[in-house]
Amino acid sequence: MVGLHILYILIIVFYCLSVLGYFIDFIQNNQKVNRIAFWLLSIVWVLQLTFLLLRALEFSRLPIMTIFEGMFFYSWILVTFSLVINRLHRMDFLVFVVNLVGFTILTVSLFAPAGDVSSELADLFILEMLIIHVVILLLSYGTFTLSFAFSMLYFYQHHMLKKKRWGDKMVRAGNLSLLEKRSYLCTLVGFPLMLIGLILGLSWAWVKFEVVPWHDVKVFSSFIVLIVYGIYLFQYKVKKKRGYNLALLNIAAFLVLLINYFLSSSFSQFHIW
């Protein structure tokens, strides 16, 4: 059923955006982002419920009879719990973790035996999930590139200030505090995007090759990139580190990303990009 297929893709997209929002809110304690993430999650809940109802009408039974339906229903329960928790108590970390688990289960459910779903439709699901995986990872690369650019401007400004070279170029580049904050915000967006992209990619590989490719160079190096950027976020938010050394760490993280993008693909069994 094409309608269910489109609905499923919308659920994945809105759920991804919601998880991204809750991650940013958890790190930044941003009430506006929290509200947006909550309403996105509410849309996910409505879409999931609609999906279950339509599937029940299509097959004239409760939509919990296959592995796919069971995992999908489980994800819907987690979304329900998250919405209730978010309304009753401010437990942002708990909500973020629950939704990350729920998103993972929802993604994996796509590759579970669906029973009543045709093999052609299942193959189409898998193909489009691979496309979403690629798009999300490329978006994360884009935000990391912006973060790197801001850190390079910070690097330039820092050296110009040390040498006491004043000029229009320094004014146009922006002050150090603003450059540092923008670099951090870009990384804050890119980190969960990359994490979600890796979850989607590993799920796809499990179905396609019936194995989680932990030994693959591309997969291994991608997690190294994620760890390095995680260290950067930890140093900025938890350790309250600021300044030149943090900018250098972010620049180094981007160099690791470039190595991951250009070199590891040459030795990867799963990737051509």
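Computed over heavy atoms, backbone and side chain alike; hydrogens, waters and symmetry mates excluded. One is the number of the first residue; the rest follow in order along the sequence.
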Between the CD1 atom in Ile24 and the CG atom in Asn34, the distance rounded to the nearest 0.5 Å is 11.5 Å

Of all heavy-atom pairs linking Tyr15 and Val44, the shortest is N-CG2, 3.4 Å

Interatomic distance, OH@Tyr229 vs OG1@Thr143, rounded to 0.5 Å, equals 8.0 Å

Minimal heavy-atom distance between Ile12 and Phe103, with the atoms involved, is O-CE1, 3.7 Å

| request: Look at the rings of Tyr184 and Tyr232 and say which category their plane angle falls in: under 30° parallel, 30 to 60° tilted, over 60° perpendicular. | output: tilted

For Leu106 and Tyr8, the nearest pair of non-hydrogen atoms, with its separation, is O-OH, 2.6 Å

Separation between CG (Asn30) and CZ (Arg35), nearest 0.5 Å, reads 8.5 Å

With a 3.5 Å cut-off and sequence neighbours excluded, list the donor-acceptor pairs that the side chains of residues 72-81 form with protein atoms.
residue, atom, partner, partner atom, Å
Ser75, OG, Gln48, NE2, 3.3
Ser75, OG, Gly102, O, 3.2
Thr80, OG1, Trp45, NE1, 2.8
Thr80, OG1, Trp76, O, 2.9

Between Ser183 (side chain only) and Leu179 (backbone N and O only), is there a donor and an acceptor less than 3.5 Å apart? no

Worksheet item: Does Ala37 offer a backbone N or O that forms a donor-acceptor pair with the side chain of Ser18 under 3.5 Å?
Response: yes

Do Asp25 side-chain atoms and Val33 backbone N/O form a donor-acceptor pair below 3.5 Å?
-> no

Looking only at heavy atoms, the pair that brings Ile251 and Phe155 closest together is CD1-CB, 4.3 Å

Same apolar cluster: Val256 and Phe234, side chain cutoff 4.5 Å = no

Heavy-atom closest pair (Met194 atom, Leu137 atom, distance to 0.1 Å) is O-CD2, 3.7 Å

inquiry  = In this structure, is the centre-to-centre distance between the rings of Phe144 and Phe254 below 6.0 Å?
reply    = no

(message) Does either side chain, that of Ser147 or that of Asn250, offer a donor lying less than 3.5 Å from an acceptor on the other one?
(response) yes

- request: Check the angle between the aromatic planes of Phe96 and Phe23 and answer parallel, tilted or perpendicular using the 30° and 60° thresholds.
  value: tilted

- Query: For the side chain of Lys239 and the backbone of Tyr236, is there at least one donor-acceptor N/O pair under 3.5 Å apart?
  - Reply: no

Taken to the nearest 0.5 Å, the spacing of Ser221 OG from Ile259 CD1 works out to 9.5 Å

So CD1 of Ile105 and CD1 of Ile199: to nearest 0.5 Å the spacing works out to 11.0 Å

For Pro192 and Leu20 the tightest heavy-atom approach is CG-CD1, 3.2 Å

dist Lys241:NZ -> Glu180:CD (nearest 0.5 Å) comes out at 12.5 Å

(Q) Test side-chain contact (heavy atoms from CB on, under 4.5 Å) on Leu195 and Leu100; report intermediate values, then the result. (A) CA-CA 10 Å; Leu195 177 60; Leu100 187 59; 4.0 Å; yes

query = Honestly curious: do Ile136 and Leu146 fall in one hydrophobic cluster under the side-chain, below-4.5 Å linking rule?
reply = no

